[in-house]
Amino acid sequence: MAARRLLLLGGTAEASAIARALAGDPAWAVTTSLAGRTSSPRRPPGELRVGGFGGPAGLAAALGAGGYDVLVDATHPFAARMRWHAAEAAAAVGVPRLRVERPGWAEGPGDRWRRVPDLAAAAGAVAAGPWAKVALTVGRTELAAFAAAGRPGRSWVVRSIEPPAEVPPGPVEVVLGRGPFDRAAERALLADHAVDLLVTKDSGGPDGKLAAARALGLDVLVVDRPPSPPGPLARDVAGALAWLAGLVGRSSGPGAQAAAR
């Protein structure tokens with residue numbers, strides 16, 4: 001039986017793990033698609049394409065032209081538009097679609113969180129608040145939202161994989177690095193820069209910065225995730241592999257789940 005062609009919308013640890021788990025599996029031929037927002041992404045196994053599709057119609061055309069049998073959307077929890085484009089494109093060409101999205105974070109004892117619905121609300125809260133040193137871990141393309149949140153005596157720490165094109169007004173320290181970061185490194189970052197507010201998106205996954213903020217008694221603004229379209233959802237790699245195995249009528253097995261870890 002010919003391998004089923006899988007288009008994997010990636011850019012996350014889960015997408016890379018799915019590609020690794022399916023590498024060498026004769027049932028699947030995987031192409032990972034990356035948006036191309038970073039200049040040196042980690043290359044997953046299998047075929048790779050980089051760049052956008054031009055909206056849902058372009059993605060639908062790519063699915064048809066590539067002869068893809070399945071679409072797995074494992075983009076970032078804050079890739080707000082892509083999940084809807086994926087749903088529309090998959091429906092248009094009639095291929096099964098799975099959304100893979102890790103669980104979000106849950107507030108615990110000792111946390112000093114305030115949840116906000118989006119970056120605009122986060123920026124408004126910062127502008128109205130008393131904080132002097134604000135750490136932003138929201139992505140280098142999202143910093144423009146804080147353009148009006150500067151004030152005399154306020155400075156910023158911005159962490160980003162690559163240098164941002166635009167930063168908030170006032171003194172800014174840019175810290176470059178690619179996660180995940182352990183708790184000790186996160187605590188050192190916040191403590192060494194005398195941060196009194198952390199602004200972060202509810203991306204889920206490793207929670208080192210939140211644990212560090214809790215230990216240091218810092219305020220945290222947590223930006224809620226955008227909504228997702230209805231449809232099949234896997235919360236982890238094992239769940240995604242089990243869903244894919246169901247399409248070919250077999251058990252995902254312990255070998256595939258071990259490869260995902």
Side-chain angles (χ1 to χ4, degrees), residues 11-12 35-39 41 52 75-84 101-102 104-105 107 111-181 183 185-228:
T12 59
R37 292 182 178 174
T38 58
S39 59
T75 53
H76 193 273
F78 280 82
R81 288 183 298 175
M82 194 63 211
R83 68 194 68 190
W84 293 92
E101 187 171 311
R102 69 188 78 116
W105 292 313
E107 187 174 3
D111 285 323
R112 299 174 57 178
W113 290 13
R114 174 180 168 187
R115 285 191 172 271
V116 291
D118 51 36
L119 282 167
V126 173
W131 305 284
K133 178 66 73 72
V134 180
L136 300 176
T137 60
V138 298
R140 67 186 180 92
T141 63
E142 307 282 9
L143 299 174
F146 297 87
R151 67 167 195 186
R154 173 169 289 155
S155 58
W156 310 84
V157 177
V158 171
R159 188 169 65 200
S160 178
I161 295 176
E162 296 181 350
E166 185 174 356
V167 295
V172 179
E173 300 170 82
V174 176
V175 179
L176 300 180
R178 186 192 297 268
F181 304 96
R183 294 188 179 189
E186 297 284 38
R187 180 164 180 162
L189 173 71
L190 297 175
D192 292 351
H193 290 85
V195 167
D196 56 1
L197 173 69
L198 170 66
V199 183
T200 190
K201 296 176 177 178
D202 186 8
S203 300
D207 64 348
K209 58 191 168 186
L210 297 173
R214 182 187 313 122
L216 294 169
L218 304 184
D219 292 334
V220 181
L221 288 178
V222 180
V223 181
D224 286 333
R225 296 177 177 185
S228 289

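Note: hydrogens, waters and symmetry copies are ignored here, and every other heavy atom, side chains too, is used.
- Closest non-hydrogen pair, L190 versus A213, comes out as CD1-N, 3.9 Å.
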task = Determine, stepwise, if the pair E101 / R225 fulfils salt bridge (Lys or Arg N to Asp or Glu O under 4.0 Å).
result = CA-CA 11 Å; E101 187 171 311; R225 296 177 177 185; 3.0 Å; yes
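- Of the inter-residue distances, the one linking S160 atom OG with L136 atom CG reads 11.0 Å to the nearest 0.5 angstrom.
- In this structure, CG in L176 is found 10.0 Å from CD1 in I161, a value given to the nearest 0.5 Å.
- The side-chain hydrogen bond (donor to acceptor under 3.5 Å, both in side chains) search around K201 returns E142, not counting sequence neighbours.
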Which atom pairs, donor and acceptor, lie under 3.5 Å between side-chain atoms of residues 128-135 and protein residues at least two apart or in another chain?
| unit_1 | atom_1 | unit_2 | atom_2 | d |
| --- | --- | --- | --- | --- |
| W131 | NE1 | D219 | OD2 | 2.8 |
| K133 | NZ | E173 | OE2 | 3.3 |
| K133 | NZ | H193 | O | 2.8 |

inquiry  = Evaluate F146 against V167 for side chain to side chain contact (heavy atoms under 4.5 Å, CB included), listing each step before the verdict.
reply    = CA-CA 8 Å; F146 297 87; V167 295; over 6 Å; no
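- Among all heavy-atom pairs drawn from S203 and R102, the shortest one is O-NH1, 2.9 Å.
- By the side-chain contact (heavy atoms from CB on, under 4.5 Å) test, E107 is found to be paired with D111, W113, residues two or more places apart in sequence or in another chain being considered.
- Nearest approach of P164 to R140, heavy atoms of both residues: CB-CB, 3.9 Å.
- Checked by atom type and distance alone, the side chain of D202 pairs as donor or acceptor with a backbone atom of W105 at under 3.5 Å.
- Residues V175 and L189 meet the side-chain proximity criterion, which asks for heavy atoms closer than 4.5 Å.
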request  = Could you walk me through whether L218 and V195 pass side chain to side chain contact (heavy atoms under 4.5 Å, CB included), step by step?
outcome  = CA-CA 8 Å; L218 304 184; V195 167; 4.2 Å; yes
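- A heavy-atom distance below 4.5 Å is found between the side chains of V220 and T200.
- Contact record, E166 with A144: OE1-CB, 3.7 Å, taken as the closest heavy-atom pair.
- Between the CG atom of L216 and the NZ atom of K209 there is a distance of 15.0 Å, given to the nearest 0.5 Å.
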Quick one: side chains of residues 117-127, donor-acceptor pairs under 3.5 Å with protein atoms, not counting sequence neighbours, listed by atom name and distance.
| unit_1 | atom_1 | unit_2 | atom_2 | d |
| --- | --- | --- | --- | --- |
| D118 | OD1 | A120 | N | 3.3 |
| D118 | OD1 | A121 | N | 2.8 |

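- For the atom pair L198 CG and L210 CG, the distance stands at 6.5 Å (nearest 0.5 Å).
- For T12, the side-chain hydrogen bond (donor to acceptor under 3.5 Å, both in side chains) test picks out no residue, with sequence neighbours left out.
- For the pair T137 (side chain) and V199 (backbone), a donor-acceptor distance under 3.5 Å is present.
- Applying the side chain to side chain donor-acceptor pair (under 3.5 Å) test to pairs two or more places apart or on separate chains, those with a residue in residues 149-159 are R159-E186.
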